[in-house]
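Just follow the structure's listing: the first ligand is 1, and inside any ligand the first atom is 1. No experiment lies behind these values; they were computed from the predicted model shown.
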Amino acid sequence: MGLVAVAAIVLPALLAPVLPLKDPDITRLDQRLLPPLSEGFLLGTDSLGRDLLSRLLWGTRVSLAVALLGTGLAAAAGTLIGLAAAWYRRLVDALLMRGIDVLMAFPYLLLALSIVAVLGPGLRNATLAIALVNIPFFARTVRGAALSLREQEFLAAARLSGLSDARILATELLPNVLPLILVTLASTIGWMVLETAGLSFLGLGAQPPQADLGSMLGQGRVLLATASHVALLPGGVLFVLVVGLNLLGDGARDALDPRVSGTGADTLTPTLSRGEREFVRDHTVLRVSGLTTGFVSAGSFLPAVRKIDLVIRPGESVALVGESGSGKSLTALSLLGLIEPPGLILEGSIRLLGEELRGTPSSRLQRLRGRHIGYVPQDPMTSLNPLFTVGEQLIESLTVHQPLGREEARSRAISLLESVRIPDASRRLEAWPHELSGGMRQRVAIALALAHEPELLIADEPTTGLDVTTQAQVLDLLRELCQRKGTALLFITHDFGVVSELCERVVVLYAGEVVEEAATEVLLRNPRHPYTRRLLACVPRLGEPERTLEAIPGQPPRLEERPPGCAFAPRCTFAQPRCQQTPVVLSEHGTAHHVRCLRAGDEEEAA
Ligand code: ADP
Ligand code: MG
């Protein structure tokens, strides 16, 4: 609707030079105040006999130009000020922001009026005034966003790489605040049109004989009783234009703003029913078959997770192992239904407790997440919201799925914190995330994931950011919790050392494919796939200082450059020409020991 309203007014205005219009400034005193639809004057004439249609179209151009130019200038200057204040902080920030505060202390229009009073009336000065009074708006918005971006690692990395400040501001910070600036622009432009009209209405903007919407309104005002169309026409155009621009701005904000509104909490969670019978029969918590997830890029689909099969039974803990980039996180996100464009689940089935998750409406998925699948994300630093206390976050996640009273939720939260061995739990409830250490935060993340005692817990490298002692404690905790509550665990890691401590079964992933799967003991004792062997050779063992730890030469293939045969062949010391030619299938070698290697069979024959 906004687009239609704006287009209906802006398009004719843009076309004014080519339309067969009368000169907007020619006065014909014999044709004064003709009503609309008069002979030769479609919308009538004003008190000097000038053609209103022509003046309206030309006047709209002037109003729009002033508003756009003013907003553009305000956005540019405000962005510069905001970025500089956020980047340099301290004195620069203090000076700039106090200046902005002074500007903001004056009522909006009054300030614009006084600026024009000093500079003198006229369109150029009105534009400057409008730009100036709107700088604070942009400066504050940009500063806020830039301040929080400033703390992020990629900016620290940019600084460490020796880029100049100007370069960082222009190439790192600016592109990140640009969507925000556009949204702000879109939502202010309507106001700017009104302000421009306001100044012109008071005779401080467009000067006679030039028309703009505000000055036309001002001239028509005195004739309201006798020839109301002279004022109503520009007023109507202004109204439709501003409402249209605001609607358009709101639409743009909804489209560009990442904080899309979610659906409300649904406390009436029914327990699983559709799949329950099947679950009892099948006795699996999770059954994934043929899962293929990847990215759409330049019109083609690049699979990053290929035809993965995975079964997890109640209480079982399964490790998903592979080097960075092998598709572990993507698998986890697929299971949670959190793949977003350009990502795409191409095919496969994901059954949680017997219920197919693919194609399930997102409202249903939202009820399953947290309640039946818990997720511990990789980075304990970013998995908690810095603006809420630990207690508020725990209580929120508790009350999302269960109709608990405030006090009840609070005591549940305390016992959750105690269950992840956080000492002095009731006091910790009031703590902010930044007051906790990394290990402590990861425990809170685990407590959040376990709040509803889900049947399946997915932990994506939960200990990667932690030191070794804390890692050991967190692992202990996970193991104990899973044993005590019978929770099935999918533990994602790149570290075989961790696997042996925690998991009963291991699935090794390479370039998005399962290359080997077996019980942990079997796999550690008798790894069959050359990749698994190389991975195991990278694990240091205490008491064997002389053992060399060999890195695996080469890199995993990039998504778009996958070899036709075995994906590991280019890095494999056992590879033969036939390995490069056709895809290798996963085959069973020994009980429940699956290997995707042509040479695994050779060894058996030799034995
Ligand atoms: P990891 O095993 O380290 O968790 P991921 O599952 O995060 O690996 O990534 C798997 C593959 O998908 C990698 O090759 C990565 O480059 C690719 N990938 C991840 N996110 C994107 C994205 N948004 N666009 C394109 N490729 C991606
Ligand atoms: Mg990952």
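Sequence neighbours left out, not one pair with a member in residues 304-338 passes ring-ring contact (aromatic ring centres under 6.0 Å, His included).
The only option from H589, H593, R528 that meets the side chain to side chain donor-acceptor pair (under 3.5 Å) definition with E516 turns out to be H593. Of the residues listed (Q402, R369, R371), the one engaging H452 in a side chain to side chain donor-acceptor pair (under 3.5 Å) is Q402, and it is the only one.
Counting heavy atoms from C-beta outward, T493 and V499 have side chains that approach closer than 4.5 Å.
Contact check on R364 versus E355 returns a salt bridge, with a Lys/Arg side-chain nitrogen under 4.0 Å from an Asp/Glu carboxylate oxygen.
Using a heavy-atom distance under 4.0 Å as the criterion, the protein contacts of ligand 1 are F295, A304, E323, S324, G325, S326, G327, K328, S329, L330, L559.
Remark: R441 fails to qualify as a cation-pi partner of W432 under the 6.0 Å distance and 45° angle criteria applied to the six-membered ring.
Among the atoms of S329, an N, O or S atom is found under 2.8 Å from the Mg ion (ligand 2).
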